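Quick note: numbers below take in every heavy atom, side chains included, and nothing from hydrogens, waters or symmetry partners. Keep in mind that what you see is a predicted model, and the values were worked out from it rather than measured. Chain A is the first sequence line, chain B the second, and so forth, proteins listed ahead of strands; every chain is numbered from 1.
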Number of protein chains: 2
Amino acid sequence: MKRTDSKIKTITQTLYSAGFKLTPQRQVILKVLLENEHLSAEEIYLKVKIENSSVGLATVYRTLDLLRDLNVLNKMTFQDGISRYDLNNSGHLHQPHYLLCQKCGKIDEVENDLLLEIEKTIEELYHFKVNDHRLTFQGVCRSCLEQS
Amino acid sequence: MKRTDSKIKTITQTLYSAGFKLTPQRQVILKVLLENEHLSAEEIYLKVKIENSSVGLATVYRTLDLLRDLNVLNKMTFQDGISRYDLNNSGHLHQPHYLLCQKCGKIDEVENDLLLEIEKTIEELYHFKVNDHRLTFQGVCRSCLEQS
DNA sequence: CTTGGTGCAAACGTTTTGCAGTATC
DNA sequence: GATACTGCAAAACGTTTGCACCAAG
């Protein structure tokens, strides 16, 4: 069994156990999400249309919302105001960090858990209970550096 | 001379040296920005209207854009997709980090430069030239913790 | 009188919602 | 046949833009 299949199965179970169905539309959307990272809703919609041209944009949004409610999906909004989506826990042990290239716009992910230390400091110093964090670096990526 | 006055003066000089004017509208917007942190455009607009009811929302946006071009203002977009604005370098030695309370929505700032270490790691490991970073913690703030 | 600046309203791009119709158990 | 679920179109939201008018050197 392929890794993708087992993920689909897990998500299907999550859906059904919450009283929802795995419709053909949701299947295609999940497929696109499994094959890609940090796509925007529009980008997901376009890729979905290639496989099933009758799917509406509203369905994409509703499915993304649903998956987010089920904690299957992560929604992120970067500085451009456009939200991007990723399936949760795609093999990450820790919350990934992001590298946004200011030249080409590419978004890379990085794993690094040095933040745990900082989190502890924050909790002690400010009495703020940390549930989650997000760290983004802006700069210039490797390939853009090499081109200049 | 009040601190606020000297800041206004600096910004005015920046404006004029770039060929722009300090109009009454821009003055009021700057006043609001000086007295508040991380407001949205709409919030700035409402506060501006209290002092000068004829200012338009478009002017607020245009002024914010202008100030950003002049590197006087910082624009940030959090997960809700709404941009928030802050005057730069309001006494911060280092880039501040944010504490977003998931209960009351309050945004607090925190200073901490432990990230420099992580930045160095990123640059070495991924050959990514870091220009800037943003770190946000989501959780529950002190007053919300005490209320429960 | 030329230039930058303004208010207003219309347009924009992303996201949400209302609704009538469809699919599934 | 009740209950999700869907596509479509319209609306909503924050933001930007076009335009005619205004203000200041």
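Distance, B/Y61 OH to C/dG13 C1': 13 Å, rounded to whole Å. Going from atom CG of A/L57 over to atom P of D/dA10 covers 15 Å, rounded to whole Å. If you measure from atom CG of B/L39 to atom P of D/dG14, you get 15 Å, rounded to the nearest angstrom. Here the P atom of nucleotide C/dT15 and the NZ atom of A/K75 are 6 Å apart, to the nearest Å. Between A/L64 atom CG and C/dT14 atom P the separation is 14 Å, expressed in whole Å. Rounded to whole Å, the distance from CG on A/L22 to P on D/dC5 is 10 Å. Nucleotide C/dG13 holds its C1' atom 14 Å from the OH atom of A/Y45, rounded to whole Å. A/Q27 has its CD atom 15 Å from the C1' atom of D/dC5, to the nearest Å.
Place B/G19 and B/V60 on DNA chain C by their nearest nucleotides, and B/G19 ends up nearer the 5' end. The residue among B/R84 and B/K21 whose nearest nucleotide of DNA chain D lies closer to the 5′ end is B/R84.
Judged by distance alone, the side chains of B/S54 and B/N52 do bring a donor and an acceptor atom under 3.5 Å apart. Side chain to side chain, A/H133 and B/Q138 fail the donor-acceptor criterion of an N or O pair below 3.5 Å.
Contact check on B/E43 versus B/R84 returns a salt bridge, with a Lys/Arg side-chain nitrogen under 4.0 Å from an Asp/Glu carboxylate oxygen. At a threshold of 4.0 Å, the pair B/E146-B/R142 counts as salt-bridged, since one of the basic side-chain nitrogens sits closer than that to a carboxylate oxygen.
No engagement by A/S40 is indicated, since no non-hydrogen atom pair under 4.0 Å with the nucleic acid exists. Backbone-only engagement by A/I82 is indicated by non-hydrogen atom pairs under 4.0 Å involving sugar-phosphate atoms exclusively.
In the set C/dG5, C/dT15, C/dG7, C/dG7 carries the atom at the smallest distance from any side-chain atom of B/T59.
Scanning atom types as modelled, one donor and one acceptor separated by under 3.5 angstrom connect the side chain of B/R62 and the base of C/dG7.
Counted within 6.0 Å of NZ on B/K47, heavy atoms from surrounding residues, nucleotides or ligands total 12 or fewer; the atom is thus considered open.
Taking only side-chain nitrogens and oxygens, B/R26 comes nearer than 4.0 Å to OP1 or OP2 of C/dG5. Remark: B/Q25 is in phosphate contact with C/dG7, judged by side-chain N or O atoms under 4.0 Å from OP1 or OP2. Residue A/T23 places no side-chain N or O under 4.0 Å from the OP1 or OP2 atom of C/dA23.
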